[in-house]
2 protein chains.
Amino acid sequence: MEFYQLQSFLTVAREGNLTKAAGLLHLSQSALSNQIKSLEGEVGTDLFQRMPRGMELSFAGRKLLSHAETAVRAMEDFGTAARGLGDNLSGRLSVGLNTDPSFLRIADLDSRMGAKFPLVDLEFLPSQTLATTSLLNGEVLDVGFRFGKSGDNGICEEWIADSRFPFMHCYPVTNRERCFKNQLLHIIFSFCCRKSVEFIFLLK
Amino acid sequence: MEFYQLQSFLTVAREGNLTKAAGLLHLSQSALSNQIKSLEGEVGTDLFQRMPRGMELSFAGRKLLSHAETAVRAMEDFGTAARGLGDNLSGRLSVGLNTDPSFLRIADLDSRMGAKFPLVDLEFLPSQTLATTSLLNGEVLDVGFRFGKSGDNGICEEWIADSRFPFMHCYPVTNRERCFKNQLLHIIFSFCCRKSVEFIFLLK
DNA sequence: GGAACTTACGCGTGTCGTAAGAATT
DNA sequence: AATTCTTACGACACGCGTAAGTTCC
């Protein structure tokens, strides 16, 4: 029984729909379906009733929902506490800009990052929407903006135009070597979350 | 950042010693070392000071300890709540006995299991200590007692002679098909935990 | 030498995504 | 036909253990 399973459980319960939940979690339907099934296996009971129109919490699911919520909140608290004392972060992070920096409010991002993380060196490079993907794959960029979906697999996309932008769920980079950058990206995501822009934040 | 990492963090912090913690968690030194290092990577700071005599919590580690404790407790609460409503468990579980059932207090175990899980069919089979391992591997037994260590890899052993028997940590079976039996084994473990016996409970 | 942790490396399990299947509207 | 969830399957990443390497007592 792992953290990600409980997160998935909550998301599916909240959305009442596996497909939508999978989208929010940046997961395929089948992967999420398997996660839930595996959790149900460990619990020993079904957590959802499979309806023709989606997933509805079962009796056991309703019973366990609050426990799952507190557990997930506690885990997230650990994460934020950890990130809170990471003020000694340092390093370089290359950000690709596909359009006018002022439109992307880069100055704002830069100053807020600089205030909070003086040792972090943000490097901004121009990168056309169509070039961003390959620059990410070539390790030239760590992260970048683009217009519209890329479709490239292995790259995590975040709509920053959507008001319900789930930046709590930006955990695409899991390999150990990138842990450092992961944290910075967490922070950048939280800065970049805004409602009125129609591009995508890319992360390999 | 996953549940097992926080459990490991707590155990190492409590023991102040990676080797001993690895034993309690049924893990190799190196695996645990990697877990801690990976967690430190995500957190962005060292959690321990590596002393010649063991691991000592760093400043950040002390700061995060309480958060980790509440998170782990919350996750465990979820697990116990889940197991609490699993009273409709049913199925068959084969238990190998290497010696006198009365010495193993099998009647006690059986009656308590029967009271709590009337649909669970416990099957007790004789199995010499030396035969138990192969019977487990041959899927004849699901679990069995033996004297002393087996040394067979892929089989999880639990000392039930030790008063500090960590039956909170019996999570060796992870593949999906065995989830059901996993739960029963959890329960059996909690029943079998006693202080004055000198054999080992085997679990493939 | 012994006890501690880290690093290197091959292996296996589990999770992922793609794609096809089943059920319902 | 469209939407939903499940199943099958190949692929890859991650965590594991063994064993060698380092450091300190």
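A, B, ... follow the sequence lines: proteins, then strands. Residue 1 opens every chain. What you see is a predicted model, and the numbers here were worked out from it, not measured in a lab.
Listed by chain and residue number, B:Q29 satisfy the side-chain hydrogen bond (donor to acceptor under 3.5 Å, both in side chains) test with B:T19 (two or more places apart in sequence, or in another chain). The salt bridge (charged side-chain N to carboxylate O under 4.0 Å, His left out) check on B:E123 picks up B:R92, with sequence neighbours excluded. Shown here are the side chain to side chain contact (heavy atoms under 4.5 Å, CB included) partners of B:A22, two or more places apart in sequence or in another chain: B:L32. Residues satisfying the side-chain hydrogen bond (donor to acceptor under 3.5 Å, both in side chains) test with B:E69, not counting sequence neighbours, are none. Applying the side-chain hydrogen bond (donor to acceptor under 3.5 Å, both in side chains) criterion to A:E2, with sequence neighbours excluded, gives no partner residue. Legend: residues meeting side-chain hydrogen bond (donor to acceptor under 3.5 Å, both in side chains) with B:Q128, ordered by chain and number and at least two apart, are absent.
For the pair A:Q29 CD and C:dA19 P, the interatomic distance rounds to 14 Å; values are reported in whole Å. For the pair A:E42 CD and C:dG14 C1', the computed distance is 12 Å after rounding to whole Å. The distance from atom NZ of A:K37 to atom P of D:dT4 is 18 Å, rounded to the nearest whole Å. Counting to the nearest Å, the P atom of D:dT4 and the CG atom of A:L32 are 14 Å from each other. Between B:M1 atom CE and D:dG15 atom P the separation is 14 Å, expressed in whole Å. To the nearest angstrom, P of D:dT6 lies 9 Å from CG of A:D46. Atom CE of B:M55 is separated from atom C1' of C:dA3 by 14 Å (rounded to the nearest Å). In this structure, OH of A:Y4 is placed 7 Å from C1' of C:dT15, rounded to the nearest angstrom.
Look at B:S28 and you won't find any side-chain N or O under 4.0 angstrom from OP1 or OP2 of D:dC16. For the pair B:Q35 and D:dC16, the criterion of a side-chain N or O lying under 4.0 Å from OP1 or OP2 is met. Note on A:R50: every side-chain N or O is 4.0 Å or more away from OP1 and OP2 of D:dT4. A close approach under 4.0 Å does not occur between any side-chain nitrogen or oxygen of A:N34 and OP1 or OP2 of D:dT7.
Relative to the axis of its first five pairs, the axis of the last five pairs of the helix from C:dG1-D:dC25 to C:dT25-D:dA1 sits at 10°, rounded to 10 degrees.
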Please list every donor-acceptor pair under 3.5 Å in which a side-chain atom of residues 50-62 of chain B meets a protein atom from a residue at least two apart or in another chain.
from	atom 1	to	atom 2	distance (Å)
B:R50	NH1	B:E40	OE1	3.4
B:R50	NH1	B:E40	OE2	2.8
B:R50	NH1	B:F48	O	3.2
B:R50	NH2	B:E40	OE1	3.1
B:S58	OG	B:D46	O	2.8
B:S58	OG	B:L47	O	3.0
B:S58	OG	B:A60	N	3.4
B:S58	OG	B:G61	N	3.1
B:R62	NH1	B:L57	O	3.2

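Using a 4.5 Å cut-off on side-chain heavy atoms (C-beta onward), A:T70 and B:D77 make no contact.
Closest to the side chain of B:T19, from the set C:dG17, C:dA4, D:dG15, is C:dA4.
Taking CD1 of B:I36 as the start and OG of B:S8 as the end, the distance is 5.5 Å to the nearest 0.5 Å.
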What string of B, S and - do you get for nucleotides 19-25 of chain D, 5' to 3', when a contact is any protein heavy atom under 4.0 Å?
-> B----SS
